[in-house]
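Notes to accompany the following structure.
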2 protein chains.
Amino acid sequence: MSETQFVTEARAPAAGEPERGEIELSAVLHALSDPVRLQIVGGLSDGVEHSCGSLDLPVTKSTCTHHFRVLREAGVIHQRHEGTSRLNSLRSGDLEARFPGLLDTVLRAAGSG
Amino acid sequence: MSETQFVTEARAPAAGEPERGEIELSAVLHALSDPVRLQIVGGLSDGVEHSCGSLDLPVTKSTCTHHFRVLREAGVIHQRHEGTSRLNSLRSGDLEARFPGLLDTVLRAAGSG
DNA sequence: GCAGATGTACGATAAACGTCGTACAATCGA
DNA sequence: TCGATTGTACGACGTTTATCGTACATCTGC
């Protein structure tokens with residue numbers, strides 16, 4: 001896991017991301033309710049930053065952009081710019097603080113289902 | 001809780017309900033991603049059967065019917081006919097068997113959020 | 001500067017969604 | 001039987017969604 005994932009203090013989120021305290025449950029559940037986005041979250045669950053293209057998703061680039069935006073605006077992921085890439089990571093710490101156990105439970109459910 | 005909720009054997013679902021093994025994670029998350037439906041699930045979380053009207057929802061009757069159908073077709077609730085009422089209950093046992101911890105975690109998140 | 005790589009922006013499109021109103025069906029009590 | 005209660009069916013409506021293609025922006029390496 002990256003060193004930013006288990007911090008317990010809320011940090012200032014990037015533009016377009018909700019703050020930790022403003023993450024809404026219904027938005028998170030909606031973000032996780034799409035199979036492609038569930039696949040993205042599963043791909044990010046190793047705690048390593050992944051670029052959008054490195055996840056080998058079954059949709060086109062522009063649809064990818066759409067799904068990453070939904071996840072970002074729901075507060076599920078963080079996007080960092082590096083070169084021509086956008087490095088994505090799960091906001092595990094923020095989600096764990098706001099909705100304890102939720103992300104892990106969903107990831108386990110996605111893995112076994 | 002009613003006596004049907006913690007059975008570990010899958011039972012034949014009513015028409016329109018998926019069987020235990022066919023409950024899909026994305027459908028469950030989508031069903032739970034609407035505030036009204038989250039309120040319904042919260043209202044049913046005492047384990048008691050509730051009629052549709054007894055939950056005092058902020059929408060009209062026909063919208064209620066719609067939300068209960070979404071929950072039923074996702075496998076989240078069971079509906080039983082009794083007189084002029086439809087008694088609703090959570091499929092806690094089936095959900096726990098299929099996606100362990102998911103329902104409890106979401107309900108706890110909904111309660112604190 | 002130029003070409004390639006990586007995403008985003010924008011518009012289009014078809015499907016699904018949440019909401020409502022009205023009409024209807026089923027049941028119960030008087 | 002008649003009226004009240006409870007919920008469903010159906011159609012309408014505006015919004016949102018998931019998807020794509022094309023065009024564009026940004027960065028890297030030559």
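Side-chain atoms are counted along with the backbone in the values below, which use heavy atoms only and exclude waters and symmetry mates.
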Can you figure out which of [options] approaches the side chain of [X] most closely?
X: T84(B); options: dT6(C), dT8(D), dA26(C); value: dA26(C)
X: V36(B); options: dG7(D), dT19(C), dG7(C); value: dT19(C)
X: K61(A); options: dT6(C), dT19(C), dT8(D); value: dT6(C)
X: V59(A); options: dT19(D), dT6(C), dT19(C); value: dT19(D)
X: T60(B); options: dC17(C), dG7(D), dG21(C); value: dG21(C)

Between [X] and [Y] (side chain of the first, backbone of the second, donor and acceptor by atom type, cut-off under 3.5 Å), is there such a pair?
X: H67(B); Y: V36(B); result: no
X: R20(B); Y: A97(B); result: no
X: R86(A); Y: Q79(A); result: no
X: E73(A); Y: E17(A); result: no

*Mapping R86(A) and C64(B) to their closest nucleotides on DNA chain D, which lands nearer the 5' end?*
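First, find each residue's nearest nucleotide; the 5'-ward one identifies C64(B).
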In whole Å, I'd like the distance from the [atom1] atom of [X] to the [atom2] atom of [N].
X: L57(B); N: dG7(D); atom1: CG; atom2: P; value: 11 Å
X: H66(A); N: dG11(C); atom1: NE2; atom2: P; value: 17 Å
X: R37(B); N: dA16(C); atom1: CZ; atom2: P; value: 15 Å
X: R80(A); N: dG7(C); atom1: CZ; atom2: C1'; value: 16 Å
X: I40(B); N: dT19(C); atom1: CD1; atom2: P; value: 10 Å
X: H30(A); N: dT16(D); atom1: NE2; atom2: P; value: 11 Å
X: E82(B); N: dA26(C); atom1: CD; atom2: C1'; value: 14 Å
X: R72(A); N: dA9(C); atom1: CZ; atom2: C1'; value: 13 Å

*For the side chain of S62(B) and the base of dG21(C), is some donor closer than 3.5 Å to an acceptor across the two?*
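Flag set: donor-acceptor pair detected.
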On the nucleotide [N], are OP1 or OP2 found under 4.0 Å from the side-chain N or O atoms that [X] carries?
X: R69(B); N: dG7(D); result: no
X: Q79(A); N: dG7(C); result: no
X: S51(B); N: dT6(D); result: no
X: T65(A); N: dG7(C); result: no
X: H67(B); N: dT19(C); result: yes
X: T63(A); N: dA18(D); result: no

*Flag yes if L95(A) and V70(A) sit in one hydrophobic cluster, no otherwise; membership is Ile, Leu, Val, Met, Phe, Trp, Tyr, and two members link when side-chain heavy atoms are under 4.5 Å apart.*
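Per the 4.5 Å side-chain linkage, L95(A) and V70(A) are not co-clustered.
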_Euclidean distance, R91(A) CZ relative to L44(A) CG, rounded to 0.5 Å_ = 13.5 Å
